[in-house]
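Below is one structure, written out as structure tokens, with a few remarks after it.
Remember, it's a predicted structure, so these values are computed and weren't measured experimentally.
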2 protein chains.
Amino acid sequence: MDAIDHQIISCLVADARASYAEIGNTVGLSAPAVKRRVDKLLDSGVLRGFTAVVDPEALGWGTEAFVEVHFGGNVTPAEIRSSLEPLAEVVAAYTVSGAADAIVHLRAASIHHLETALERLRAVDMVDRTVSTVVLSTLLERPPAPGGEG
Amino acid sequence: MDAIDHQIISCLVADARASYAEIGNTVGLSAPAVKRRVDKLLDSGVLRGFTAVVDPEALGWGTEAFVEVHFGGNVTPAEIRSSLEPLAEVVAAYTVSGAADAIVHLRAASIHHLETALERLRAVDMVDRTVSTVVLSTLLERPPAPGGEG
DNA sequence: GATGAAACTAGGTTGTG
DNA sequence: CACAACCTAGTTTCATC
């Protein structure tokens with residue numbers, strides 16, 4: 001994990017289908033050298049994989065919301081995870097500090113779809129209360145800048 | 001944008017470096033046919049591109065927070081966007097309904113780094129008040145399921 | 001208009017120094 | 001890590017339905 005690895009990761013984040021030769025040209029390495037590093041990064045788990053970036057609107061997932069979920073009683077993160085995993089509308093979920101126990105990021109096709117997703121979320125065992133915040137517009141969405149401070 | 005396009009998108013979301021032949025094998029098409037469809041999806045904007053999925057911990061970005069931002073006065077989404085864009089720790093930002101004006105997703109290297117990022121966020125013009133929620137653990141993070149209801 | 005097969009080109013992969 | 005050879009995949013063209 002040296003500076004060149006960070007550059008390679010940057011290239012792949014920018015375009016996961018970039019050729020090794022192209023990346024090598026950017027970072028000053030030969031194509032095979034880049035491949036070996038990428039293989040190592042995949043093997044070590046630094047790179048988890050490669051995915052396509054899709055326009056949610058085009059797929060008919062134009063409605064988003066963040067939901068603070070309050071659980072009743074003692075619930076483990078693992079239990080929360082397994083209870084949320086079956087809900088297709090849940091694109092992300094986090095346990096958090098503060099008043100709520102978890103924040104759930106929902107993506108739905110419409111307000112109506114969002115409502116039914118919320119109903120199913122509230123029907124999940126141990127869910128006590130939810131506070132929904134509907135997304136009006138996405139201002140910014142980007143991968144974390146590689147090699148920040150710290 | 002028929003059912004096969006959705007299948008192709010699913011394949012690419014699962015693995016952006018999958019070969020056209022492999023995708024074709026899954027969706028029941030030949031490699032050239034898949035390529036033509038992918039080109040069209042890229043051209044039409046349904047597919048925005050391809051990116052690498054990186055482990056934030058491994059890159060030293062292990063601390064996350066969601067911040068509700070309250071703005072003073074009349075601020076346009078475009079103004080919010082351009083004021084947040086320079087902050088490297090901002091990985092996502094949304095205008096939202098409800099009490100807050102925006103939700104900002106921050107990723108930092110440490111609690112200390114998060115603190116400095118919050119200071120810079122609060123120093124942004126027109127930012128009135130912020131309410132931070134620190135992420136304890138990531139339960140789930142996944143792309144939206146293609147072809148939902150709606 | 002879109003697909004499938006084949007030919008050609010480019011990139012991925014492995015071995016050697 | 002670079003170089004070189006080999007092999008696989010991407011790309012284009014053309015014929016077909």
Side-chain angles (χ1 to χ4, degrees), chain A residues 1-62 109 142-148, chain B residues 1-61 142-150:
Chain A
M1 276 294 290
D2 59 2
I4 295 179
D5 283 328
H6 280 99
Q7 290 181 58
I8 292 173
I9 291 169
S10 293
C11 290
L12 287 170
V13 167
D15 179 12
R17 283 181 91 90
S19 71
Y20 292 134
E22 197 177 349
I23 297 169
N25 193 34
T26 303
V27 307
L29 248 58
S30 68
V34 173
K35 183 214 171 346
R36 298 208 128 98
R37 279 169 179 263
V38 172
D39 285 345
K40 279 191 179 177
L41 289 169
L42 284 167
D43 201 50
S44 65
V46 176
L47 282 174
R48 288 183 182 166
F50 307 97
T51 189
V53 182
V54 181
D55 181 9
E57 296 278 352
L59 272 179
W61 291 81
R142 63 184 176 194
Chain B
M1 276 295 291
D2 58 1
I4 294 179
D5 282 328
H6 280 98
Q7 291 180 58
I8 292 173
I9 291 170
S10 293
C11 290
L12 287 171
V13 167
D15 179 13
R17 284 180 90 90
S19 72
Y20 291 133
E22 196 178 350
I23 297 169
N25 193 34
T26 303
V27 308
L29 248 58
S30 67
V34 173
K35 181 207 168 359
R36 284 199 61 143
R37 281 170 178 262
V38 171
D39 286 345
K40 279 192 179 180
L41 290 169
L42 283 167
D43 201 48
S44 65
V46 176
L47 282 174
R48 289 184 181 166
F50 307 98
T51 189
V53 182
V54 181
D55 180 9
E57 295 276 354
L59 272 180
W61 290 81
R142 63 185 176 194
E149 63 199 66

With the side chain of [X] defined as its heavy atoms from C-beta on, choose the nearest nucleotide among [options].
X	options	result
A/P32	D/dG10, C/dT3, D/dC3	D/dC3
A/L29	C/dG12, D/dA2, D/dA9	D/dA2
A/R17	D/dA2, D/dG10, C/dG12	D/dG10

Original post:
Reckon B/S30 touches a base, only the sugar-phosphate, or nothing at all at heavy-atom distances under 4.0 Å?
Top reply: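 Base, at least one base atom sits under 4.0 Å.
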
Original post:
Could you give the CG-to-C1' distance, from A/D5 to D/dC1, as a whole number of Å?
Top reply: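 My rounded result for the distance is 14 Å.
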
**OP:** Using atom CD of A/E22 as one end and atom C1' of D/dG10 as the other, report the distance to the nearest whole Å.
**Re:**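 After rounding, the gap between these two atoms is 14 Å.
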
Within this structure, what is the [atom1]-[atom2] distance for the pair [X] and [Y], rounded to the nearest 0.5 Å?
X	Y	atom1	atom2	answer
B/L29	B/I8	CG	CD1	6.0 Å
B/D43	B/R36	CG	CZ	11.5 Å
A/M1	A/R37	CE	CZ	10.5 Å

Heavy-atom pair with the smallest gap, counting every atom of [X] and [Y]:
X	Y	result
B/P143	B/V13	CG-CG1, 3.2 Å
A/T26	A/C11	CG2-SG, 4.0 Å
A/Y20	A/A31	CB-O, 3.7 Å

Original post:
More 5' along DNA chain D: B/S19 or A/G28, using each one's nearest nucleotide?
Top reply: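 This one resolves to A/G28.
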
Original post:
Considering only heavy atoms, which members of residues 35-50 of chain B lie under 4.0 Å from some atom of DNA chain C?
Top reply: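 Those residues whose heavy atoms fall under 4.0 Å from DNA chain C, taken from residues 35-50 of chain B in numerical order, are B/R36, B/R37, B/K40.
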
Original post:
Under 4.0 Å between a side-chain N/O of B/Y20 and OP1 or OP2 of D/dT11, yes or no?
Top reply: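 For D/dT11, OP1/OP2 do have a side-chain N/O of B/Y20 under 4.0 Å.
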
